[in-house]
Amino acid sequence: EPEVTQTPSHQVTQMGQEVILRCVPISNHLYFYWYRQILGQKVEFLVSFYNNEISEKSEIFDDQFSVERPDGSNFTLKIRSTKLEDSAMYFCASSDGARNEQFFGPGTRLTVL
Amino acid sequence: QQQVKQSPQSLIVQKGGIPIINCAYENTAFDYFPWYQQFPGKGPALLIAIRPDVSEKKEGRFTISFNKSAKQFSLHIMDSQPGDSATYFCAAIRNSNYQLIWGAGTKLIIKP
């Protein structure tokens, strides 16, 4: 069964450093998403991406964040200068239609020290 | 208006019991309501979803009840098993955008 994969599973970084979280969505999916989940809290939408551009973003997704689909398979989330409060689980998701089921990856746990 | 309120925060049920998790929303523009199941260390996985044109949907042991006028929906798990122990999230999505709005989650424990 096709699945969304994410790397790394755990990333530890120093405050102020740049991180790139990587995702490989399901191959025939066209819509891609990033969500985050701070420990013990609800899942929060960050951004959706379609046709090589951001289709929607939340207030959390400020200028420190960017997304890219550098090739036909990867979808990345970059945080330019990490803050302590960026520590969270980051989930990538993909779907084959704008309002169809979103399939989630296993997540990357980001720890900012 | 953007919130989905979920209760209870945690729930312990004996095996074979019927845990019920409730969610409520305000925004009438929401038109798709999925439930996700999340095991520790894993990403959320879609369990079952409903649109507001039906009042109930059943898939296996999982049933969603939907009350459009009250703007509430709930998840029932029939004949619950210890393997159902997980965190359950309700969510909603508007008819005009892409983002899932999530409830706070319910940690469910099924005791053997």
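By convention in this document, chain letters (A, B, ...) are assigned in the order of the sequence lines, proteins followed by strands, and residues within each chain are numbered from 1. This one's a predicted model, so the numbers in the text were calculated from it and none came from an experiment.
No more than 12 heavy-atom neighbours from other residues, nucleotides or ligands sit within 6.0 angstrom of CD on Glu59(A). Within 6.0 Å of the CE atom in Met78(B), the count of heavy atoms belonging to other residues, nucleotides or ligands exceeds 12. No more than 12 heavy atoms of other residues, nucleotides or ligands sit less than 6.0 Å from atom CG of Leu39(A). Surrounding CD of Glu85(A) are more than 12 heavy atoms belonging to other residues, nucleotides or ligands, all under 6.0 Å away. Around atom CG of Asp63(A), no more than 12 heavy atoms belonging to other residues, nucleotides or ligands sit under 6.0 Å away.
Annotation: the span from Arg94(B) atom CZ to Glu56(A) atom CD amounts to 6.5 Å, rounded to 0.5 Å. One finds the NZ atom of Lys42(B) at 11.0 Å from the CZ atom of Phe91(A) (value rounded to the nearest 0.5 Å).
Hydrophobic clustering of Ile, Leu, Val, Met, Phe, Trp and Tyr side chains at less than 4.5 Å, counting indirect connections, unites Val47(A) with Ile60(A). Connection of Tyr33(A) to Phe75(A) is not established within any shared hydrophobic cluster, with ILVMFWY side chains joined at heavy-atom distances below 4.5 Å, either directly or through further cluster members.
With a 4.5 Å cut-off on non-hydrogen atoms, Gln102(A) touches chain B through its backbone and its side chain both. There is no contact between Pro34(B) and chain A, counting heavy-atom distances below 4.5 Å. When heavy atoms are compared at a cutoff of 4.5 Å, Tyr31(A) approaches chain B solely by way of its side chain, counted from C-beta outward.
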Intermediate values then yes/no, side chain to side chain contact (heavy atoms under 4.5 Å, CB included), Gln99(B) and Lys57(A): CA-CA 8 Å; Gln99(B) 59 173 292; Lys57(A) 60 183 181 179; over 6 Å; no
Report the C-alpha separation of Phe104(A) and Trp102(B) in whole Å, then their side-chain angles, then the decisive distance to 0.1 Å, and conclude whether the ring-ring contact (aromatic ring centres under 6.0 Å, His included) test is met. CA-CA 14 Å; Phe104(A) 284 76; Trp102(B) 297 72; 5.6 Å; yes
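In this structure, Tyr35(A) and Leu100(B) have side chains that are in contact, with non-hydrogen atoms separated by less than 4.5 Å. Using a 4.5 Å cut-off on side-chain heavy atoms (C-beta onward), Gln6(B) and Lys42(A) make no contact.
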